[in-house]
Amino acid sequence: MIISTNFFTQPTLTVARALLGQRLVREVDNLRLSGLIVETEAYIGPTDSANHASKGRTPRTEVMFGPPGRAYVYLIYGMYHMLNIVTEPAGFPAAVLIRAIEPVEGIAAMQANRLTAHSPANLTNGPGKLCQALGLDTSLNNFDVTQGRQLWLEATDTLPDDVVAAGPRVGIGYAAPQDQAAPWRFRIRDNKFGSR
DNA sequence: TCATTGATGCGCT
DNA sequence: GCGCATCAATGAT
């Protein structure tokens with residue numbers, strides 16, 4: 001079943017935790033690429049200094065202030081794209097970053113998108129990698145991921161708590177100490193498709 | 001550990 | 001408008 005807007009309207013930490021184990025689907029040229037989400041991070045509101053939107057509304061962060069269930073896709077380091085899903089009611093800037101998936105469908109096509117990946121385990125085990133594997137770029141920024149076309153999420157079983165691990169987020173050295181320390185990164189314990 | 005890479009947003013004219 | 005520092009990372013070294 002396609003995950004709906006109501007799901008993404010929930011508190012960001014709830015969404016980040018609940019997305020683990022759900023299926024991310026990309027459809028391009030009638031070909032279906034998909035994987036199970038194994039790692040996420042939450043970016044929550046104006047007081048989270050790690051959040052791009054904490055410095056206010058700009059053209060780039062406008063999407064995060066918009067309705068939930070939209071994709072926030074941006075370019076980092078001039079070469080890699082990051083996929084986030086906007087959460088919480090419009091007006092409150094928050095999103096969940098999809099950091100890693102376990103590839104399931106369309107693995108050959110993912111390989112073709114990522115010629116530098118020399119093993120299947122390296123296809124989607126990082127936020128930049130999964131965007132490359134799935135062919136995601138800024139043309140999908142602000143795209144509604146609840147419509148079941150091009151890019152969407154499908155519900156699977158909810159994971160039990162004992163396989164979920166929480167820890168501090170990655171790559172946010174510019175943020176305030178308490179925000180760097182916040183355990184807002186979620187991953188499936190012992191999953192070999194997580195990022196490093 | 002280091003180079004890569006270009007959009008973004010800031011501070012200034 | 002223009003220049004500059006900065007960056008939710010990756011792959012090769």
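Note on naming: letters A, B, ... go to the chains in the order of the sequence lines (proteins, then strands), and numbering restarts at 1 for each one.
Here A:Tyr43 counts as stacked on C:dA8: its ring centre is under 5.5 angstrom from the base ring centre and the planes meet at under 30°.
For the pair A:His52 NE2 and C:dA8 P, the interatomic distance rounds to 4 Å; values are reported in whole Å. Atom P of nucleotide C:dT10 and atom CZ of A:Arg99 are separated by 7 Å, given to the nearest angstrom.
Base orientation of C:dA8: syn (glycosidic angle within 90° of 0).
Between A:Asp162 and A:Arg189, no side-chain nitrogen of the basic residue sits less than 4.0 Å from a carboxylate oxygen of the acidic one, so the salt-bridge criterion is not met. With respect to the salt-bridge test (charged N to carboxylate O, under 4.0 angstrom), the residues A:Glu102 and A:Lys192 do not qualify.
Residue contacts for A:Met82: at a heavy-atom cut-off of 4.0 Å it reaches the sugar-phosphate backbone alone, with no base atom in range.
Look at A:Arg114 and you'll find a side-chain N or O under 4.0 angstrom from OP1 or OP2 of C:dG11. A close approach under 4.0 Å does not occur between any side-chain nitrogen or oxygen of A:Arg196 and OP1 or OP2 of C:dT10. Proximity of A:Tyr80 to the phosphate of C:dA9: no side-chain N or O atom is located under 4.0 Å from OP1 or OP2. Using a 4.0 Å cut-off, no side-chain N or O of A:Lys55 falls inside it from OP1 or OP2 of B:dT8.
When the options A:Pro103, A:Pro120, A:Ser119 are evaluated for a side-chain contact (heavy atoms from CB on, under 4.5 Å) with A:Gln111, the one that passes is A:Pro120.
Relative to the ring axis of A:Tyr74, A:Arg60 places its NZ or CZ within 45° and under 6.0 Å from the centre.
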